Amino acid sequence: MKRFSLTATAVLLCLFLIVPAVMAAKKPILIRFSHVVAENTPKGWAAKEFAARVDQELKGKVVVRVFANSQLYDDNQAVEALSAGFIEMIAPSSAKFVGSVPQLQIFDQPFLFPSVKACHDTIDGPIGQEIFGMLSKRGLKAIAFWDNGFKQFSNNIRPLIKPEDFKGVKFRIMSSDVLEAQMKTLTAVGLKLPFSEVYNALEQGVVDGQENTASNIYSKKFHEVQKYMTLSDHGYIGYLVTTSDAFWKKLPADIRTALERILKEVTLADRDKAMELNVKQLALIKEYAQRSGKLNIHTLTGAEKKVMQKALEPVHKMTPDIIPVSWIEQIYNMK
Ligand code: LMR
């Protein structure tokens, strides 16, 4: 009896100690990737592609679950949720780091970057190095820089062709002080709202207009509640794929290397995809405008663009306490 109970105890001990250990060892690392846009956008596509590639290459070791459309967090909550460990990965536009690394608002500057390549060169160069250092001081680790593209204006008051046309128009803007300065300079009003609230705000007249990429406009149907659209390419939207230092350091080194490699490959593919989606979705907006007769689209001519550029140039040096003037000069020199 005594022998039996000793054996039973040993078996039970094994079950208690070994089985959970084996199960725990097999449990894949979970990466909850939260973002705010639709799936048929550059970021929506890249996040899904990243998840699929991780599934293919790190099966059983890492699982990426993507939560799109602000399902989990609005953009003004995402950085905090990441720092608190509620999610493991985010890719907010640079404007959304206003509370942690406001210097990232350099990417919100109107007509500063002559091309998407200039944005890449900035993040890959000395300015990017400084920014990564600032992120690290806030316990954040940026692993990749994904494109969306250039922004266009839309509104319900009048066609926006000259700086004077912006007078008094109320725009939804991202949570960026640079964008607020941009609107003030145009004598317009900028209202900071999360991306998830833009459609309703436009539909209900809380704001008259907004600025975003063709892909973000099309995928959220903003064009269906706007009368005028101006193709201006006046500012850029790109994303920092970010995790927390705490989460990143806990990962085994080989997993970190594999994730970095996969993200690098997805980033390269995203650059073409972002351009492709913006072109395709702008064509669909134009098709809608023609079919419905409810949206008037104006493309700024070269001369009109120059007037807008000149009007907005003072914004570049309006926030020297946030964005060093030397950074602005470096980007001018890139041109
Ligand atoms: C916006 O808020 O308009 C954009 O930052 C949304 C996004 O993530 O592209």
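Just so you know, these numbers use all the heavy atoms, side chains as well, and skip hydrogens, waters and symmetry mates. Every number for a ligand or one of its atoms is a count from 1 in the order of the listing. The model shown is predicted, which means the values in this text are computed figures rather than measured ones.
- Look at E197 and you'll find every heavy atom at least 4.0 Å from all atoms of ligand 1.
- Note: H35 and F67 fail the aromatic proximity criterion, with ring centroids not under 6.0 Å apart.
- Under 4.0 Å from ligand 1, not a single heavy atom of T213 appears.
- Below 4.0 Å from some heavy atom of S93 lie the following atoms of ligand 1, by number and element: 5 (O).
- A214 approaches Q281 most closely through the heavy-atom pair O-CB, 4.3 Å.
- Polar contact with ligand 1: absent for N148 (N/O pair, distance under 3.5 Å).
- Ring geometry for F145 versus H120: interplanar angle over 60°, hence perpendicular rather than tilted (30 to 60°).
- Neither the backbone nor the side chain of T41 comes within 4.0 Å of ligand 1, counting heavy atoms alone.
- Less than 4.0 angstrom separates some heavy atom of V37 from each of these atoms of ligand 1: 6 (C), 7 (C), 8 (O), 9 (O).
- With a 4.0 Å cut-off on non-hydrogen atoms, K43 touches ligand 1 through its side chain and not its backbone.
- A perpendicular orientation is assigned to the rings of F222 and F195, their planes being inclined by more than 60° (bins at 30° and 60°).
- The part of R172 lying near ligand 1 is the side chain, judged by heavy-atom distances below 4.0 Å.
- Checked against N216 for a side-chain contact (heavy atoms from CB on, under 4.5 Å), the options T41, N278, V198 give a single hit: T41.
- Once rounded to the nearest 0.5 Å, the distance linking CD of Q182 with OG of S176 reads 8.5 Å.
- Using modelled atom types and a 3.5 Å distance limit, the side chains of E88 and T243 yield no donor-acceptor pair.
- In this structure, the protein non-hydrogen atom closest to atom 9 (O) of ligand 1 is Y239 OH, 2.5 Å.
- Under a 4.0 angstrom heavy-atom cut-off, K96 registers as being in contact with ligand 1.
- Short contacts between ligand 1 and M174, defined as distances under 4.0 Å to a heavy atom of the residue, involve ligand atoms 1 (C), 2 (O), 3 (O), 4 (C), 5 (O).
- Using a 4.0 Å cut-off between heavy atoms, D75 contacts ligand 1 through its side chain alone, with no backbone atom that close.
- Residues K280 and N40 are not in side-chain contact: their nearest non-hydrogen atoms beyond the backbone lie 4.5 Å or more apart.
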